Novice: 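Before I ask anything, here is the structure I am working with.
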Amino acid sequence: MHPLAVIREQLSPLFQEYVGDPSPYLEMVRPAQDSKFGDFQANFAMPLAKKLGKNPRELATEFVEKLQLGEICETVEVAGPGFINFKFNSDWLTARLNEMQQDDRLLISSADEPKTIIVDYSAPNVAKPMHVGHLRSTVIGNTLCRILNFLGHKVYGDNHLGDWGTQFGMIIFGYKNFLDEDQFQQASVEELARLYKLVNQLSEYHELVKKIPDIQKKIESTSAQLQEQEANADPKDKQQRKAVGKLKNDLAALKEGLISAEEKVAVVTSSPELISQANAHPDIARLAREETAKLHRGDEENLKLWNQFLPLCIAAIEEVYQRLDVNFDLVLGESYFQPFLQTVVEELQQKGLAVESQGAVCVFHEGNEAPFIVQKTDGAFTYATTDLATIRYRVEELKADCILYVVDARQGEHFKLLFETAEKWGFDKIDLRHISFGTVLGDDKKPFKTRSGDTVGLESLIDESIQRARTIVDVGDDAKPNPELDESTRQSVAEIVGIGAIKYADLRHNRESDYVFNWEKMLATNGDTATYIQYACARICGIFREVGTNRESLRESDSKVVFTHDAERALGLQLLRFAETIEAVVADYRPNILTAYLFETANALTTFYGNCHVKNEPDAAIRASRLLLCDLTVRVLEQGLALLGIQTAEKM
RNA sequence: GCCCCGGUAGCUCAGCUGGAUAGAGCAUCGGUCUUCUAAACCGAGGGUCGCAGGUUCGAAUCCUGCCCGGGGUGCCA
């Protein structure tokens, strides 16, 4: 059991005479905010005393007197208004470390009640290449799978692919009208991607050509309105000032929209090939939608094409996942659930949940203006319908207790409505959670784009990261007196560092917030990065090579951990906090708690490294103890990084 | 209009369910390689936690109002 759990376990029965459920108070036992107070602190005496109408310091003292922590704690003291500070006995800590040394799970116990958990993540549209927008869901989702799995839950990482939507109609239309047969033979996926892009571009062109005059009119009217208001507004009237400000904003947004529309149109008109294609297909958008509708109706030709394209698209995406070391347990795309959608709608109607409204079938929820549309006016189903069918499948076929949707925050409302609908529909036992996350931003604080304004492809992002990492590896190794890495090792280290940097940069941020993507920061060799932690591991591996000690046999020897320096104790205590950290991560599905812990651990290690020499330590027992600490630290760091899907190298 | 999220050091971000003097990293400045990897370490400066109230022993954290930014908002997913 880890130290925090031990304190909580000792405290727990003492609450009996004061309160029914001690758990909220037990959670007020935390790592000490400042090490001068001790190792852990309990803050429950103040709120509990208030509730009981007692004096908080006296109450804290009552607890301390009843506690029997003689073997475990060196001191347990009441401080300030009623904090209880715990400082562990060093012998007890070293005993725990020796226990940890023998434990493959590093004192992390398996879940008491293993659950079946679906992690729904990544879910790209297979018709388009993956881009940076898929990064967060993929990385966070994969980490949650790894952690939950490690805790002994039955986990299904499920890639709920977009494989049945409008984008396939576009590809089919493109295939029928613009196919380059030779290209398709040579590089089918690239050709399909080109077709998708082309059809999308031409559809958008026609749409924008129609919209531009409207935008211009809107700009004129807004501009006129603004002038009038500015002329007449009383500058002291806040309401009026606000209205003027809003008009200015609107106008700027409209102008920006106009410029971007004109640019897109210009791309087509300036290319003789594109403009002739556009003119030849004035009704392309509708016709592409019609291809989708035909596919959904079961049209033989389109279904055949779909069956031909899908494996190709999936193979292309799979390649990216392999580079990211991401594996799914299930890949059940939207298409899989099509046969069940009609029934879902009928059931919802029978139960009186879904009603017809403006030609569509909708579920309305109190307090929400927006309807949850399960069938459109044209009879087609929506992703709302698919999501409901998917919940049923996961509950009935997979026996899921919990579903985590790792999907960006903008879909919050969809999930709110989905969960409410599912509950009323009868799936009220399952724990449904939207694990939402923010956007990846560029330096301009707008969604991350290339300089030319295109979305950043995930492949090219990975390529660039590895390339940048390679430069760091080369520079670092060349700077050594005797460079020790050969060409292939350098490349594999660059891959580990490059991929690790991307993942870590994403995971270290609180998932709810947006973050700014920055190559220099994520690949920095110093600071809160994967590179820094990986390097810390490699330095320690270097010690073992230098000393000539085999790590496995070290663990089997009689050597024990002993503390002879503050840095050893601090590192040891930090290592023992691994289990408590994993608990905290899972409590709210926040991987950044783990990255913060690993960074702190790496820091504790470097402090130790600077203060406690291993190789030159003359006392054999102390030297062995330090080697044990080194070994344990690397195990914790490597295990922690592995849970984040990040690898390490023996030499860097 | 309505709804959601955010505003913390020059920059990028933590801050868990209200706890002790608000923390990291980067950048800046000053030191450290004849000693296990300097891809490293040590030290220093830097804050009106958007603003104003409120709740209480105690508020960056909870409540109300306002300001600023982002997102969503009936048939895309």
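Proteins get letters first, then strands, A, B, ... in listed order; numbering begins at 1 in each. Remember, it's a predicted structure, so these values are computed and weren't measured experimentally.
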Novice: Determine: side-chain N/O of A:Thr525 to OP1/OP2 of B:A40, distance under 4.0 Å, yes or no.
Specialist: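 For B:A40, OP1 or OP2 has a side-chain N or O of A:Thr525 closer than 4.0 Å.
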
Novice: In whole Å, I'd like the distance from the OH atom of A:Tyr515 to the C1' atom of B:A14.
Specialist: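 Whole-Å distance recorded here is 16 Å.
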
Novice: Which nucleotide in the set B:U37, B:C75, B:A14 lies at the smallest distance from any side-chain heavy atom of A:Glu484?
Specialist: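 Of B:U37, B:C75, B:A14, B:U37 is nearest to the side chain of A:Glu484.
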
Novice: On the side chain of A:Thr439, is there an atom forming a donor-acceptor pair with the base of B:G71 - under 3.5 Å, no angle test?
Specialist: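 There is none.
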
Novice: Could you give the CZ-to-P distance, from A:Phe40 to B:G19, as a whole number of Å?
Specialist: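 Distance check: A:Phe40 CZ to B:G19 P gives 17 Å.
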
Novice: Which of these nucleotides, B:C16, B:C75, B:U12, is closest to any side-chain atom of A:Arg30?
Specialist: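 The closest nucleotide is B:C16.
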
Novice: Verify the distance criterion only: is there a donor paired with an acceptor across the side chains of A:Arg30 and A:Gln41 at less than 3.5 Å?
Specialist: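 The answer is no; no qualifying pair exists.
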
Novice: Could you tell me whether the side chain of A:Glu413 has a donor or acceptor atom within less than 3.5 Å of a complementary atom in the base of B:G72?
Specialist: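 Flag unset: no donor-acceptor pair detected.
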
Novice: Look at all strands and tell whether A:Phe544 reaches a base, only sugar-phosphate, or nothing, counting heavy atoms closer than 4.0 Å.
Specialist: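 Nothing, no heavy atom under 4.0 Å.
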
Novice: Want to settle it: does A:Gly527 or A:Ile593 sit nearer the 5' end of RNA chain B, counting the closest nucleotide to each?
Specialist: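 Of the two residues, A:Ile593 wins.
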
Novice: Less than 3.5 Å between a donor and an acceptor, one on the side chain of A:Thr377 and one on the base of B:C75, is that the case here?
Specialist: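 Checked by distance alone, the answer is yes.
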
Novice: Give the nucleotide from the list B:C41, B:G19, B:C13 with an atom nearest to the side chain of A:His509.
Specialist: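 Per side-chain heavy atoms of A:His509, the pick is B:C13.
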
Novice: Indicate whether OP1 or OP2 belonging to B:A39 is found under 4.0 Å from a side-chain N or O atom of A:Asn526.
Specialist: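 Answer no for this pair, as no side-chain N or O of A:Asn526 is under 4.0 Å from OP1 or OP2.
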
Novice: Taking atom P of B:G74 as reference, at what distance in whole Å does atom CD of A:Glu356 sit?
Specialist: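 Result: 18 Å.
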
Novice: Look at the side chain of A:Tyr535 and the base of B:U37, then say whether one donor and one acceptor between them are separated by less than 3.5 Å.
Specialist: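 It does, because a donor-acceptor pair links the side chain of A:Tyr535 to the base of B:U37 below 3.5 Å.
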
Novice: Please tell me if A:Arg289 has a side-chain N or O lying less than 4.0 Å from either OP1 or OP2 of B:C76.
Specialist: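 A:Arg289 to B:C76 OP1/OP2: no side-chain N or O under 4.0 Å.
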
Novice: Tell me whether B:C5 sits syn or anti, counting syn as a glycosidic angle within 90° of 0.
Specialist: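 That one's anti.
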
Novice: Find the distance between CG (A:Leu353) and NE2 (A:His365) and round it off to the nearest 0.5 Å.
Specialist: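 Here the interatomic distance stands at 7.5 Å.
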
Novice: Do the ring centers of A:Phe415 and A:Tyr405 come within less than 6.0 Å of each other?
Specialist: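 Ring centres of A:Tyr405 and A:Phe415 closer than 6.0 Å.
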
Novice: Nearest of B:A40, B:C75, B:C13 to any side-chain atom of A:Arg508?
Specialist: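 My answer, after comparing the listed nucleotides, is B:C13.
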
Novice: Tell me which residues in residues 597-605 of chain A put a heavy atom below 4.0 Å from RNA chain B, sorted by number, or none.
Specialist: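 Contacts with RNA chain B under 4.0 Å: A:Phe599.
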
